[in-house]
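One structure below.
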2 protein chains.
Amino acid sequence: MTPTARRRLAPEVRRRQVLDAAIAVFSEEGLHGASMDAIAARAGVSKPLVYAHGGTKDELFAACLAREADRLVTAMTTAVGSGDPTAGDDGEGRLYRALRAFFHAVTTHRQGWTVLYRQASTGEFAGGVDAARRGIVRRAAELLAPELGGSVEAAEPIAHTLVGAAEGLTDWWLGGDGAQRSSTATNADHPATGEAPADVLARMLTAIVWPGLDALRRGPAM
Amino acid sequence: MTPTARRRLAPEVRRRQVLDAAIAVFSEEGLHGASMDAIAARAGVSKPLVYAHGGTKDELFAACLAREADRLVTAMTTAVGSGDPTAGDDGEGRLYRALRAFFHAVTTHRQGWTVLYRQASTGEFAGGVDAARRGIVRRAAELLAPELGGSVEAAEPIAHTLVGAAEGLTDWWLGGDGAQRSSTATNADHPATGEAPADVLARMLTAIVWPGLDALRRGPAM
DNA sequence: CATCCTACCTACTACCGCGTAAAGTAGCGA
DNA sequence: TCGCTACTTTACGCGGTAGTAGGTAGGATG
């Protein structure tokens, strides 16, 4: 279909195409399940081109990882940094905005999300996935630390917990784990509340964790 | 080491050996990274024997999955079911006991945990991993539903969130994602409080989420 | 219109790991 | 002591995939 091939494009454009295709295939098939042929086919391009622009399979995966992780971290950072009139500027408001940015990024770029988090983090690429994840958690800890009135190290377990909770809620929203579901219609079509999913999810998670975090902030002793 | 081979064992015992070895290797190398030869070597047994007792690689992995998932669910169910004198029997107490059981199971059988959760959940085996995970979340939802005074379906997103939070906290405790860490000693040796890790972790997570859950219970309207 | 650069493709090789077959060896009950 | 069978060693077929060698053609430039 669409014999886009044999059309000479600027390297920069092609590279972006290849990266997009790689993210798509990696998110569907996993790191090992995805073949370079499949990525090439998805990009409408031959395999050597994939190697020319993406390098080795591992390098290509690392590039995907880096791009998506950067997208997420950037989105959250700017969301927290900029005051938002629709939400207060206290701790709860900041938490809400950060979570909303997270859920927005994830629900609109679910392929990237899948690549980042639902891949084999064991084996050769543990370092890569782990590094990306660690960056996000680190960011969360930095945002949380002043809120809790402690050091960044002290905030780390809470940051891990929060990120994990957000992952879990995201999994629920995206429906299972992205695979086919057979049982009752558990999800996929959530009641349309006429509200953006990111707002709904962020409100849910804020409601669950904020009271506890607030209590921790007031009485950090134990 | 320990040339256990050439020792005729009851099929049932051998099967257990093979399963143990498979879980160990799968947890270290991942589903694709683990080779049947490696599993055979780990079990101190020849390859054909692995096939005799464990079947195909996929079947073997499914068996590992089932065993570990069952172990977790059983531990949590019994922990919640039996009243515990050291903790109240109200909602908070039940939550605490369930979490403690979860963390206890996970910290004492971290290989099984790794197999269950930190593997490629995409691709051909999404169904298997997803099913195991879903069972656990389902259990959590069933335990939460009466607490929140709603249906099991209504409790599902919260169950997902809780399970995700527990996963995140576990990742922090186990240090990174199980891979080698190079930077500063972020973890691995947490301050020994003279308390079981499961208790510490369960108390942390309870403190974070219980206030919010309690509030949801009192005012489930939005 | 001729030329050259290079983006791009077809076709191939090398390799790895699953799964099995064949033939022999040794534990253990009768 | 006999024999059953759990087990081992060795070897191989086969499917699939990472990565490459060398040929082809688009398109900017003179």
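Here is the naming used below: chain letters follow the sequence lines, and residue numbers restart at 1 for every chain.
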What residues, two or more places apart in sequence or in another chain, satisfy side chain to side chain contact (heavy atoms under 4.5 Å, CB included) together with Asp199(B)?
Tyr96(B), Arg100(B), Glu195(B), Ala196(B)
I need the CE-C1' distance between Met36(B) and dC14(D), as an integer number of Å.
17 Å
Let me know the distance between CD1 of Ile39(B) and P of dG17(C), rounded to the nearest Å.
13 Å
Among dG19(C), dC7(D), dT8(D), which nucleotide has an atom closest to any side-chain atom of Thr56(B)?
dG19(C)
Does Thr108(B) have any side chain to side chain contact (heavy atoms under 4.5 Å, CB included) partners at least two apart in sequence or in another chain, and if so, which?
His104(B)
Interface polar pairs with nucleotides 12-16 of chain C, N/O, under 3.5 angstrom:
none

Value in whole Å for how far the C1' atom of dT17(D) lies from NE2 of His32(A):
13 Å
Measure across Leu148(A) and Leu213(A) and return the closest heavy-atom pair with its distance rounded to 0.1 Å.
CD2-O, 4.0 Å
Please list, chain by chain and in numerical order, all residues satisfying ring-ring contact (aromatic ring centres under 6.0 Å, His included) with Phe102(A), sequence neighbours excluded.
Trp113(A)
Reckon Ala34(A) touches a base, only the sugar-phosphate, or nothing at all at heavy-atom distances under 4.0 Å?
sugar-phosphate
Show each protein N/O and nucleotides 28-30 of chain C N/O combination with a separation under 3.5 Å, one pair to a line.
| residue | atom | partner | partner atom | Å |
| --- | --- | --- | --- | --- |
| dC28(C) | OP1 | Arg7(B) | NE | 3.3 |

Sorted by chain and number, sequence neighbours left out, salt bridge (Lys or Arg N to Asp or Glu O under 4.0 Å) with Asp70(A) holds for none
With sequence neighbours excluded, tell me which residues meet side chain to side chain contact (heavy atoms under 4.5 Å, CB included) with Ala34(B).
Val25(B), Phe26(B), Glu29(B)
Please give, in whole Å, the distance from dG19(D) C1' to Leu49(A) CG?
14 Å
Partner set under side-chain hydrogen bond (donor to acceptor under 3.5 Å, both in side chains) for Arg139(B), not counting sequence neighbours:
Thr77(B), Glu142(B)
Looking at Arg67(A), I want to see if its CZ is surrounded by more than 12 non-hydrogen atoms of other residues, nucleotides or ligands under 6.0 Å.
yes
Using a cut-off of 4.0 Å on non-hydrogen atoms, how would the nucleic acid contact of Ala10(B) be classed: base, sugar-phosphate, or nothing?
nothing
Between C1' on dT17(D) and NZ on Lys57(A), what's the gap in Å once rounded to a whole number?
8 Å
Nearest-Å distance, CZ (Arg15(A)) to P (dC8(C))?
14 Å
Just jot down the salt bridge (Lys or Arg N to Asp or Glu O under 4.0 Å) partners of Arg71(A), sequence neighbours excluded, or say none.
Glu68(A)
Protein-nucleotide distance (Tyr51(B), atom OH; dC7(D), atom P), rounded to Å
17 Å
Between C1' of dA7(C) and CD of Glu12(A), the distance in whole Å
15 Å
Need the bend value for the helix from dC1(C)-dG30(D) to dA30(C)-dT1(D): angle between end axes, 5 pairs each end, nearest 10°.
10°
Partners passing side-chain hydrogen bond (donor to acceptor under 3.5 Å, both in side chains) against Gln111(A) (at least two apart in sequence or in another chain)
none
Short side-chain N/O contact from Ser35(A) to OP1 or OP2 of dG16(D), under 4.0 Å:
no
Please examine the side chains of Val209(B) and Thr161(B), heavy atoms only from C-beta on, and report whether any two atoms are closer than 4.5 Å.
no
Give one of base, sugar-phosphate or nothing for Pro48(A), where a contact means two heavy atoms less than 4.0 Å apart.
base
Residues that Ala140(A) engages under side chain to side chain contact (heavy atoms under 4.5 Å, CB included), provided they are two or more places apart
Ala159(A), Val163(A)
